[in-house]
Amino acid sequence: MTGLLLDGRNAVIYGGGGAIGGAVARVFAREGARVFLAGRTQARLDAVARDIAAAGGTAETAQVDVLDQHAVDRHAAEVAAAAGGIDIALNAVSVMHDQGTPLADLSLEEFMRPIDGFLRTLFLTSKAVARHMGGERPGVILTLSEPGSKLAVGGILGHSVSAAGKEAFSRVLAAELAPADIRVVCIRPHAVVDAPAAGSYTGDLFGQIAAAAGQSVEEMLDGGGMAQGTLLKRLPTLAEVAETAAFLASDRAGAMTGTVVNLTAGALVD
């Protein structure tokens with residue numbers, strides 16, 4: 001017994017060079033997982049892999065277009081062949097989209113961009129890894145959502161529908177894969193306070209909203225309106241998202257599936 005949460009597990013992280021994907025990858029590796037990082041930008045994947053190697057962990061990288069079904073299927077098959085199977089998968093892929101534009105000014109393309117982008121990558125990655133999970137190797141598929149799945153506010157129409165779709169997808173997929181001993185858990189963090197500083201696309205996403213309020217993105221997130229809308233009067237951190245993901249991927253959360261873990265610091269109570 002090593003005491004490590006994920007000792008001997010093989011974990012694929014899509015969007016592994018991003019802020020959340022990279023943070024989760026580092027914690028997974030610290031907890032004993034062999035990490036396979038997939039994403040669009042090789043330099044960012046390599047940076048995360050170097051951090052993991054420097055800390056004594058194991059990480060491999062692959063440049064994969066997660067909108068290309070053949071590329072995703074091929075990569076998952078290669079990982080499974082090399083590692084003997086896939087135990088954990090996380091989709092942390094980002095899709096730039098609109099927030100703040102009301103229906104009257106919103107184009108169909110802007111509305112559909114997050115819906116098609118996020119749900120397409122979630123479908124493709126989940127289908128690819130599920131083939132290599134279950135049975136003698138119980139599997140865990142982790143997904144990421146946002147508070148927009150529950151919020152009733154203007155200007156986030158495409159974002160909100162996309163977030164609700166990710167949660168519905170995760171819930172129904174959990175029911176379908178449960179007989180194969182594959183768990184599916186969705187994590188719903190709020191805006192992550194230190195993600196922009198770590199290179200997250202949310203720095204650009206929130207830039208226009210912050211500017212309209214006369215604030216920087218950092219000011220808006222750290223003690224600004226978003227934080228004040230939570231019970232804890234703060235937003236979650238990358239470390240909190242990553243540590244939660246490691247727990248959910250481990251046997252300690254073995255009875256959890258088909259649910260959404262609210263990591264919003266209390267912005268929403270289901």
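Scope of the values below: all heavy atoms of this structure, side chains included, with no hydrogens, waters or symmetry mates.
- The backbone N or O of G266 lies less than 3.5 Å from a partner atom in the side chain of T264, making a donor-acceptor pair.
- Counting heavy-atom neighbours within 6.0 Å of R137 CZ, excluding the residue itself, gives a total above 12.
- Under a 3.5 Å cut-off, the side chain of Q63 and the backbone N or O of R40 do form a donor-acceptor pair.
- Electrostatic pairing of R9 and D251 counts as a salt bridge here, judged by a charged N lying under 4.0 Å from a carboxylate O.
- Annotation for R113: atom CZ counts as buried by contact number, over 12 foreign heavy atoms lying within 6.0 Å.
- Of all the heavy atoms in R44 and G17, the pair that sits closest is NE-O, 3.3 Å.
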Inset, instruction - Show the numbers, then the answer: is there a side-chain contact (heavy atoms from CB on, under 4.5 Å) between L106 and D98? - result: CA-CA 9 Å; L106 191 68; D98 174 85; 3.7 Å; yes
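- Within the 4.5 Å cutoff, no side-chain heavy atoms of E146 are placed close to those of H190.
- A distance of 8.5 Å separates CD of E243 from CG of L5, quoted to the nearest 0.5 Å.
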Legend entry - Stepwise side-chain contact (heavy atoms from CB on, under 4.5 Å) check, L248 with M256: CA-CA 8 Å; L248 294 173; M256 295 181 67; 3.8 Å; yes
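- Side-chain contact between Q42 and T61 is present, with at least one heavy-atom pair separated by less than 4.5 Å.
- The cluster map of Ile, Leu, Val, Met, Phe, Trp and Tyr, joined by side-chain heavy atoms under 4.5 Å apart, puts V241 and F28 in the same cluster.
- Remark: side-chain polar atoms of R30 are not paired, donor with acceptor, to backbone N or O of G56 under 3.5 angstrom.
- In plain terms, the two heavy atoms of A38 and H75 that are nearest each other are CB-CE1, 3.8 Å.
- Summarising the geometry of G21 relative to I13, their closest heavy-atom pair is O-CG2, 3.8 Å, with the distance given to 0.1 Å.
- Put simply, CD on Q99 and OG on S160 are 9.5 Å apart, with the number rounded to the nearest 0.5 Å.
- Counted by atom type alone, T101 and E110 present zero donor-acceptor pairs between their side chains at under 3.5 Å.
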Inset, instruction - In sequence, state the C-alpha distance, the side-chain angles, and the governing distance for M133 and I141, and then conclude on side-chain contact (heavy atoms from CB on, under 4.5 Å). - result: CA-CA 9 Å; M133 289 180 168; I141 295 175; 3.9 Å; yes
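- The minimum heavy-atom distance between P147 and P189, with the atom names listed, is CD-O, 3.2 Å.
- Side-chain atoms of D87 never come within 3.5 Å of backbone atoms of G139 as a donor-acceptor pair (strictly under, hydrogens ignored).
- At a threshold of 4.5 Å between non-hydrogen side-chain atoms, the residues F111 and V161 count as touching.
- One hydrophobic cluster, built from ILVMFWY side chains closer than 4.5 Å, cannot hold both Y14 and I52; they sit in different ones.
- N91 places a side-chain heavy atom less than 4.5 Å from the side chain of T121.
- The neighbour count for R131 CZ, taken as heavy atoms of other residues, nucleotides or ligands under 6.0 Å away, is above 12.
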Inset, instruction - Assess whether side-chain contact (heavy atoms from CB on, under 4.5 Å) is satisfied between S126 and F169, documenting all intermediate values. - result: CA-CA 10 Å; S126 298; F169 178 94; 3.7 Å; yes
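- Summarising the geometry of D73 relative to A128, their closest heavy-atom pair is OD1-CB, 3.5 Å, with the distance given to 0.1 Å.
- Side-chain contact between T58 and V35 is absent, with no heavy atoms from C-beta onward closer than 4.5 Å.
- Taking CG of L263 as the start and OG of S145 as the end, the distance is 12.0 Å to the nearest 0.5 Å.
- Linking Ile, Leu, Val, Met, Phe, Trp and Tyr whenever their side-chain heavy atoms come within less than 4.5 Å puts V192 and F247 in one cluster.
- With contacts defined as side-chain heavy-atom distances shorter than 4.5 Å, the pair L235/T230 qualifies.
- Looking at heavy atoms from C-beta onward, L177 lies in side-chain contact with V184 at the 4.5 angstrom threshold.
- Nearest heavy-atom pair across T237 and D194 is CA-OD1, 3.5 Å.
- Proximity of a side-chain donor or acceptor of S162 to a complementary backbone N or O of G158 within less than 3.5 Å is not detected.
- A distance of 11.0 Å separates CG of L119 from CG of L124, quoted to the nearest 0.5 Å.
- In this structure, I187 CD1 and K166 NZ are separated by 12.0 Å, a value rounded to the nearest 0.5 Å.
- Following chains of ILVMFWY side-chain contacts shorter than 4.5 Å, one cannot reach L144 starting from V64, and the two form parts of different hydrophobic clusters.
- Atom OG1 of residue T257 and atom CG of residue D181 lie 9.5 Å apart, to the nearest 0.5 angstrom.
- Under the 4.5 Å side-chain heavy-atom criterion for Ile, Leu, Val, Met, Phe, Trp and Tyr, F118 and L67 are members of distinct hydrophobic clusters.
- With contacts defined as side-chain heavy-atom distances shorter than 4.5 Å, the pair V140/I182 does not qualify.
- By the 4.0 Å N-to-carboxylate-O rule, R171 lies too far from E176 to be salt-bridged with it.
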